[in-house]
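Nothing fancy with the numbering, it's 1 onward along the sequence.
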Amino acid sequence: MSTYADRLSALRAQLAADALDGFVVPLTDEHMSEYVGDYAKRLEWLTGFKGSAGAAVVLPAEAAIFVDGRYTLQVRAQVSADHWQYQGVPQTSIADWLKDHAPKGGRIGYDPWLHTRDWVKAAGEALAGKGAELVPVTANPIDRVWAERPAMSPAKLTVQAEDLAGRNAADKRQEIADWLAKEGLDATVMTALDSIAWTFNLRGADVSHTPVGLAFAILNADATADLFVAPEKIGPDVAHHLGNAVRLHPREAFAPALSALAGKRVAADPERAVAAVFEALRKGGATIVTARDPAVLAKAIKNNAEQAGQRAAQARDGAALSRYLHWLSVEAPKGELTEIAASDRLRAFREEGGKLLDLSFDTISGAGQHGAIMHYKASAETDRRIDPSSVYLCDSGGQYADGTTDVTRTIWVGPGDAPAEVRDRFTRVLQGHIALARAVFPEGTRGGQLDGFARQFLWNAGLDYAHGTGHGVGAFLAVHEGPQRIAKPGSGQPGTEEPLRAGMFLSNEPGYYKPGEYGIRIENLVLVETREIAGGEQPMLGFETLTFAPIDHTMIDAVILSANERDWLNAYHAKVLEIVGPRLDGDAKAWLTEACAAI
């Protein structure tokens, strides 16, 4: 179909044929994934929105798209206001909007393989108050009008070597079996793709930038498991790795297997397993016990091998980024460089390291006003020159077999000095970054309790930013990994109440964004570590910084920095020289030495 208006019209016609008065379109897949395969990008196909979080509701005469503060500008640039109402979350929920807009007595459809049970309950109750009904569909109406919908990826699974994983898969299954036995459970259902990849020491290529394979699993109290995956994805190496204790089944056998667990006590995660999973278990006669996926916390607490792998990946990645920043210092002031050309060159620098397997997300290469779009992705239609005397923001990362990286640097493109306002905002962001990096806190502290450390200097000037301060990161897995998160309590972002634990990876990424002009973000990854405090009376934690690349001196108003902040920055840059310096030579090394000079 040639236009998004045509697609919306086709969906409305299909809904009418299905006797539905509306339909809810989330941006996820059957695994509640954040990043999804092309076959599951229904929201993008329907609306044109290319962000990584959002949803839409289509009614016969109106439609709305729901995004959080990260995408306020992006959604307006990509989705037509002629056909869609823009709604911000968490200020407005889909359930609340439906309560106000659904027709009385209407039938609103949803795909039970794309929503959680709790969402279905909340939305159903909201509609019931309006005299309307939430109706599960057996066939997604978008799939029926999406003529050229891509097929699921056929890519084969691969084995994550034990020296990188740090534990063998049999040990992980046994740990889960021990938990099942302790809780009096017969089995647990595992649907999150990164949990399956971690538990079985497998990786895949079915989702862009996230090395996972499309599969479901049931893990049993005897330490065996049933893995549901397309047979063509299993090569001899993977079959040998899994062994006889893991029974293989086609992916489509998963739902019938759930229905066959009659009389069993089965755990399922209400945050990660879709409503259809719970319904299949209920209809099949299983006793359902709600519990968090047992891989979630174990996966988040990285072992020594995963920590060592991340440090190695970060050193390699920091060298590539430093070469890129040197190259930018030469090329960007010429005024010929575009956003896409710059991000392509950054990827090339990473590839030249010889170990890059993929990017960890689409690079955000934002010049000037595009830097104010927090999750901007340059396209042929939006690509612009990186103008001299402007701010350029680049948020990027790589996937390596030994680690996942995510780093943001913001630079001033010369010639000349950055304006006083820009330097003030950049320095306040840097102060927040340093405050969080230096934080020491008791065991049991939640991420939400630390968020204000990073915002305080912006708040002092009446400023703020509309995204979280830190997200969890996987070990050659998802660049956004739960359950931990550093964000404002009550922001609607999950994980803010999760206690931080030694071994967790997180990002440290405060920012500032002036719509229509520029954006600033400084991001490093950190590792939660134990801290010994002389005379202390309780266990304490802090952060080890893992990312090493220079922070632009020319953007800093050094007068604003305290002595302790200058000491941190100088020590950080000395560490950059120690770790990255030996990996560079010639002009790039000379540039790095100057970029890391003490202030």
Side-chain angles (χ1 to χ4, degrees), residues 158 160-166 203 205 208-211 302-329 342-365 394-409 411 437 472-481 503 505-509 522-527 529 543-551 572-593 595-596:
T158 59
Q160 178 72 343
E162 190 174 326
D163 63 331
L164 297 175
R203 297 297 187 267
S208 295
H209 310 319
T210 306
K302 308 303 189 288
N303 58 46
N304 289 338
E306 291 169 321
Q307 293 178 27
Q310 183 71 312
R311 292 188 186 96
Q314 291 289 351
R316 189 183 314 119
D317 200 67
L321 181 58
S322 295
R323 290 190 186 96
Y324 173 67
L325 292 172
H326 164 247
W327 177 81
L328 271 180
S329 73
S343 62
D344 286 348
R345 190 67 188 95
L346 175 54
R347 177 165 191 151
F349 277 118
R350 284 191 165 106
E351 289 173 338
E352 288 165 11
K355 295 190 176 182
L356 183 74
L357 299 175
D358 194 358
L359 301 182
S360 56
F361 56 96
D362 290 323
T363 298
I364 300 170
S365 177
C394 185
D395 187 349
S396 67
Q399 289 284 11
Y400 306 90
D402 49 1
T404 299
T405 70
D406 182 2
V407 52
T408 308
R409 288 296 182 265
I411 67 166
V473 177
F476 186 39
L477 273 174
V479 73
H480 294 159
E481 177 183 270
F505 295 154
L506 292 119
S507 65
N508 172 2
E509 52 177 311
I522 301 171
E523 178 185 16
N524 288 338
L525 299 189
V526 297
L527 166 67
E529 61 177 1
F543 294 120
E544 173 194 343
T545 294
L546 298 172
T547 305
F548 292 100
I551 296 169
Y572 175 76
H573 277 142
K575 194 75 172 177
V576 172
L577 273 178
E578 176 188 333
I579 291 174
V580 175
R583 296 171 176 266
L584 304 186
D585 54 24
D587 291 344
K589 187 165 186 176
W591 171 87
L592 182 70
T593 301
C596 292

Which residues satisfy the salt bridge (charged side-chain N to carboxylate O under 4.0 Å, His left out) test with Glu509, sequence neighbours excluded? Arg521
State which residues pass salt bridge (charged side-chain N to carboxylate O under 4.0 Å, His left out) with Arg350; sequence neighbours excluded, sorted by chain then number. Asp317
Nearest heavy-atom neighbours spanning Tyr572 and Phe548: OH-CA, 3.3 Å
Please determine which of Val526, Leu525, Thr405 meets the side chain to side chain contact (heavy atoms under 4.5 Å, CB included) test together with Thr547. Leu525
Atom pair CZ (Phe476) and OG1 (Thr210), whose distance is rounded to the nearest 0.5 Å: 10.0 Å
Rounded distance (nearest 0.5 Å) linking atom CG of Leu164 with atom OH of Tyr400: 14.5 Å
Please name all residues satisfying salt bridge (charged side-chain N to carboxylate O under 4.0 Å, His left out) with Lys575, sequence neighbours left out, ordered by chain then number. Glu578
Please walk me through it: do Arg316 and Asp402 pass salt bridge (Lys or Arg N to Asp or Glu O under 4.0 Å)? CA-CA 11 Å; Arg316 189 183 314 119; Asp402 49 1; 2.8 Å; yes
Using the rule side chain to side chain contact (heavy atoms under 4.5 Å, CB included), only one of Val580, Thr593, Leu592, Leu321 pairs with Pro550; which is it? Leu592
Is there a donor-acceptor pair closer than 3.5 Å between any side-chain N or O of Thr404 and the backbone N or O of Leu477? yes
Only residue of Arg323, Arg345, Arg347 satisfying salt bridge (Lys or Arg N to Asp or Glu O under 4.0 Å) with Glu352 is Arg345
Nearest non-hydrogen partners of Ser322 and Leu584, listed with the distance: CB-CD1, 4.0 Å
Could you report the tightest heavy-atom contact between Thr363 and Ser343, atom names first, then the distance? CG2-CB, 3.8 Å
Rounded to the nearest 0.5 Å, what separation is found between the CZ atom of Arg409 and the CG atom of Leu328? 13.0 Å
Contact list for residues 581-592, test side-chain hydrogen bond (donor to acceptor under 3.5 Å, both in side chains), sequence neighbours left out: none
Test Glu306 against Gln310 for side chain to side chain contact (heavy atoms under 4.5 Å, CB included), laying out the working first. CA-CA 6 Å; Glu306 291 169 321; Gln310 183 71 312; over 6 Å; no
Quick one: do Ser396 and Val407 satisfy side chain to side chain contact (heavy atoms under 4.5 Å, CB included)? Show the steps, please. CA-CA 6 Å; Ser396 67; Val407 52; 4.2 Å; yes
If we check side chain to side chain contact (heavy atoms under 4.5 Å, CB included) with Ile522, which of these qualifies: Ile551, Asn508, Thr408? Ile551
Over all heavy atoms of both residues, which pair between Leu577 and Cys596 is shortest? Give the atoms and the distance, please. CG-CB, 3.7 Å
Quick check: do Asp395 and Asp406 have side-chain heavy atoms less than 4.5 Å from each other? yes
I need the minimum non-hydrogen distance between Gly474 and Phe505, along with the two atoms involved. O-CD1, 4.2 Å
Test item: Asn303 side-chain N/O and Ala165 main-chain N/O as donor-acceptor pair under 3.5 Å: yes
Side chains of Ser507 and Asn524 in contact at under 4.5 Å (non-hydrogen atoms): no
In Å, rounded to the nearest 0.5 Å, how long is the span from NZ of Lys302 to CD of Glu481? 4.0 Å
Quick one: salt bridge (charged side-chain N to carboxylate O under 4.0 Å, His left out) partners of Glu162, sequence neighbours excluded? none
Working for side chain to side chain contact (heavy atoms under 4.5 Å, CB included), residues Leu527 and Phe543: CA-CA 5 Å; Leu527 166 67; Phe543 294 120; over 6 Å; no
Taking atom CG of Asp358 and atom OG of Ser208, what is their separation to the nearest 0.5 Å? 7.0 Å
Gln399 vs Ser360, side chain to side chain contact (heavy atoms under 4.5 Å, CB included): CA-CA, chis, key distance, verdict: CA-CA 5 Å; Gln399 289 284 11; Ser360 56; 4.0 Å; yes
For Val576 and Ala549, work out which heavy atoms get closest and say how close. CG2-N, 3.7 Å
With His480 via ring pair (Phe, Tyr, Trp, His ring centres under 6.0 Å) - residues at least two apart: Tyr35, His471
